[in-house]
Participant: 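This is the structure, below, for whatever I ask next.
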Amino acid sequence: MAEKTSVPEMYGSLVFNDKVMKDRLPKDIYRAVHKTIQNGTHLELDVANTVAAAMKEWAVEQGATHFTHWFQPMTGLTAEKHDGFISPEPDGTILMEFSGKELVKGEPDASSFPSGGLRATFEARGYTAWDPSSPAFIKDGSLYIPTAFISYGGEALDKKTPLLRSMEALSKQAVKVLHLIGEKDVTRVTTTIGSEQEYFLVDKDMYKKRKDLLLCGRTLLGAPAPKGQEMEDHYFGVLKPKVSAFMHDLDEELWKLGIPAKTKHNEVAPAQHELAPVFETANVAVDHNQLTMEIMKKVADKHGFACLLHEKPFEGINGSGKHNNWSIQTDTGVNLLNPGKHPGDNLTFLTFLVAVIAAVDEYAEILRVSVATAGNDHRLGGNEAPPAIISIFLGEELSLVLDALEKGVAFEGHGKTQMGTGAAVLPHITRDTTDRNRTSPFAFTGNKFEFRMPGSSLSVANANIVLNTAVADVLETISDALQEVPEHHRKDALMEILKKMLTDHKRILFNGNGYTDEWVEEAAKRGLANLRSLPEAMPSWISEKSLSLFTRHGILTRDEMFSRYEILLENYAKTIHIESLTLQEMTRKDFTGALISYMDDVAREGNAKRALLPGAACKAESKVLAALDEDAGKIVEHLEKLKEDTEKAEQIAEIQAQASFYQEVVLGDMSELRACIDHAEALIPDSYLPYPTYGEVLFSLR
Ligand code: ADP
Ligand code: MG
């Protein structure tokens, strides 16, 4: 039997990481690559040639035969095209080759990726460019090289390019501020992200029997099971053996790829789980999250499960999100959002804290767009996830610190406090400066902010692009103002700037329960936006304020902004369109068949009874038949209406109007139709249905 590999041996074994480079590259080359990674500088071709040769040698040793540039087009998924290392020789043999040019640049025919009008189809050329800051890895016999994806004209066609640009912008502005306030050693800051990932596991055979899950990733009909999540018995519950085996395998697969998966547990809804990694540099964390989602599906399949990453796979129970934990770290090793022991006197912390508050308030609508998808719309505001209103939770102590700052008085308090547990054998626990508030979309959690609005299937690139850029923008206003001030007055000047920012932006601060109707009212009074759906949110993306923000910091050009606007709206319209067609088909072919055959059987039973027992009342049969007949009539009507409205939607040429029509009319039709079906389904024995019910799908995991 093979020796069991230890976790440290396994960890990163499929990654061309720093250690492998150090071992295999000549010292000067290693240093050049390292510098590129650390400082984001350009890499010369001769260096790339040497790196490519070492990469190939290593990859071939690991059994790889191909390489692929791996990128993240605007579909929200990842893309890859594999090329063999082989190069035939005249004598009939082959060499395994991989050049520096092949490493740094690829040319996929890109005409079928969404570009939102950026690239005419005759300009099919697109380029992929190596991102040396995200390590290459091996998967399924191929060497994967993380790359950015740009058009022939140089426009970004992906999520990585603007993310890298936003990290640069934030670094530049943060360093300027830090230098002005005396932190002269810092030359660079990086954004750090840890994204907690929620997901559902369901039985694969059941999954395949439901067209809605198969085609749309969410159920479009289905009566609620007698039991939901009300007993709160699933959250942090004991892992079932099959689920536990899946999680074990998943961890191992992720560890091999150098993905630091750390915690795993059951979530609130039945069949729902969560995985959280240790945080990493933003672009690596985004790549790793994309990989995590892919590996989750693959490992699930091996274990007889389907992994659902949709934001709302089932009505009536919680959907899934992705918490984006975000902070900023200096190259001197300081987390700029760490309050330390004395937050009230920690001017660096206060500066960055207030900058984030101001940025989130100023650009809340754009941040909302960054998490908008057809799937996530079902989740936000559904009293299970944060509302669609963006607000910030700071917790009691920091709120007091900021009160004092605004009033210009000293803060009387201290960071962490000791807390007795009341039992002598238990250790004393230090109390965090903030409690948790699960209802807040943007919460300060000790030494980072946790943005809880992203949906489970979404790449977190967009959210971080907006967040980084917004914060960079506020930092720039701070440094612009400070630059004018002589050094010995800067501290006072900074306090004044922060005070004014707080006064201007404190409406975004809210420590209360975000799930209540009172908050919705209160937020409206404060003038905070409540953009409930993607079509409502999208105009903010192309507002002058937004265009100006992104172009000013060199993150996206106007054309790139408009292209993203079109792609998002188109994707939304297409998603609802497919859902509508799927629901229509399930209604016609799957549900109506079951309904009619059950009604038929009931009627026949009733008649048979009457034949044997003339004058029998047949109350049960009559009652069921009457109820089902009424539902059947309504279902026919609603199905017809859904069909007509979907055809109308298809005819609308203007994309914003089309998406709004899908949201306002087609989605409404779908839920009316669904309500009638669900009502009828509850009256029909499961054996008549050609697909498994909610109860079966949600409670069958072992
Ligand atoms: P929770 O209470 O939400 O489970 P944890 O403290 O376990 O929070 O952390 C959740 C996530 O936050 C993890 O992925 C963790 O790595 C990440 N995290 C911790 N510190 C930072 C940081 N400085 N920057 C970004 N993410 C961080
Ligand atoms: Mg969390």
Side-chain angles (χ1 to χ4, degrees), residues 11 163 166-167 170-171 174 186 188-199 235-236 247 250-251 254-255 258-268 272-293 296 318 320-340 343 346 348-349 352-353 355-356 360 384-386 392-395 398 415-416 429-454 456 458-461 463-465 467-468 471 514:
Y11 192 84
L163 177 65
S166 76
M167 290 166 69
L170 180 59
S171 177
V186 179
R188 211 177 150 73
V189 306
T190 42
T191 323
T192 51
I193 300 175
S195 41
E196 300 163 61
Q197 175 74 48
E198 290 178 335
Y199 60 97
Y235 191 52
F236 281 18
M247 287 180 173
L250 175 62
D251 275 343
L254 295 176
W255 290 340
I259 300 174
K262 186 152 166 84
T263 49
K264 49 187 181 185
H265 60 80
N266 286 351
E267 260 300 328
V268 174
Q272 192 186 29
H273 312 280
E274 183 187 291
L275 178 146
V278 177
F279 68 94
E280 301 177 281
T281 305
N283 70 316
V284 178
V286 168
D287 285 356
H288 280 173
N289 180 250
Q290 293 291 120
L291 267 177
T292 299
M293 292 194 282
M296 272 179 169
N318 281 6
S320 300
K322 175 143 49 198
H323 294 173
N324 185 73
N325 293 274
W326 175 94
S327 191
I328 316 169
Q329 175 115 12
T330 67
D331 56 353
T332 53
V334 178
N335 174 354
L336 292 168
L337 290 176
N338 187 350
N346 186 342
T348 310
F349 165 71
F352 282 84
L353 179 70
V356 175
V360 171
E384 53 167 278
I392 297 180
F393 169 84
L394 285 182
L398 279 190
K416 299 196 171 186
I429 297 173
T430 39
R431 192 197 312 266
D432 286 297
T433 50
T434 56
D435 191 7
R436 289 163 185 277
N437 179 335
R438 290 276 164 214
T439 69
S440 177
F442 203 95
F444 186 77
T445 48
N447 58 4
K448 62 190 187 289
F449 274 101
E450 184 172 350
F451 185 34
R452 302 197 180 113
M453 286 172 104
S456 44
L458 202 66
S459 155
V460 279
N464 290 292
I465 293 167
L467 199 51
N468 293 345
V471 174

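From a predicted model like this one, the values you see are computed outputs, not experimental measurements. Every number for a ligand or one of its atoms is a count from 1 in the order of the listing.
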Participant: What residues, two or more places apart in sequence or in another chain, satisfy ring-ring contact (aromatic ring centres under 6.0 Å, His included) together with H273?
Facilitator: Y199, H234
Participant: Given K448, E274, H323, E280, which has its nearest heavy atom closest to atom 8 (O) of ligand 1?
Facilitator: K448
Participant: Can you tell if the side chain of T281 reaches within under 4.5 Å of the side chain of F279, non-hydrogen atoms only?
Facilitator: no
Participant: My understanding is that only residues two or more places apart in sequence, or in another chain, count here; which of them pass ring-ring contact (aromatic ring centres under 6.0 Å, His included) with F352?
Facilitator: none
Participant: Below 3.5 angstrom, do we get any N/O pair linking S195 and ligand 1?
Facilitator: no
Participant: Counting from 1, what ligand 1 atoms have a heavy atom of V278 closer than 4.0 Å?
Facilitator: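 Ligand 1 atoms under the 4.0 Å threshold to V278: 16 (O).
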Participant: For ligand 1, which atoms sit closer than 4.0 Å to a heavy atom of G194?
Facilitator: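 Matching atoms, with element in brackets: 14 (O), 25 (C), 26 (N).
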Participant: Tell me whether S171 contacts the main-chain N or O of M167 through its side chain, where contact means a donor paired with an acceptor under 3.5 Å.
Facilitator: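 Between the backbone of M167 and the side chain of S171 there is no qualifying donor-acceptor contact (under 3.5 Å).
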Participant: Write down the atom of N346, the atom of G340, and the distance for their closest heavy-atom approach.
Facilitator: ND2-N, 4.4 Å
Participant: Could you see which bit of K262 sits under 4.0 Å from ligand 1, with heavy atoms only: side chain, backbone, both or neither?
Facilitator: neither
Participant: At under 4.0 Å between heavy atoms, which part of N335 makes contact with ligand 1: side chain, backbone, both or neither?
Facilitator: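 The answer is the side chain of N335.
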Participant: Pull out every atom of ligand 1 sitting under 4.0 Å from any heavy atom of E450, numbered as shown with elements.
Facilitator: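 Listed by number with element, the hits are 3 (O).
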Participant: Between S320 and Q272, what is the shortest heavy-atom contact and its length?
Facilitator: OG-NE2, 3.1 Å
Participant: Between ligand 1 and Q329, can you find any atom pair, the residue atom being a heavy atom, that is separated by under 4.0 Å?
Facilitator: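 No, Q329 has no heavy atom closer than 4.0 Å to ligand 1.
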Participant: Output yes when the distance from some N or O of ligand 1 to some N or O of P277 is under 3.5 Å, and no in every other case.
Facilitator: yes
Participant: Is the side chain of R452 donor-acceptor paired with the backbone N or O of S440 at a distance under 3.5 Å, no angle test?
Facilitator: yes
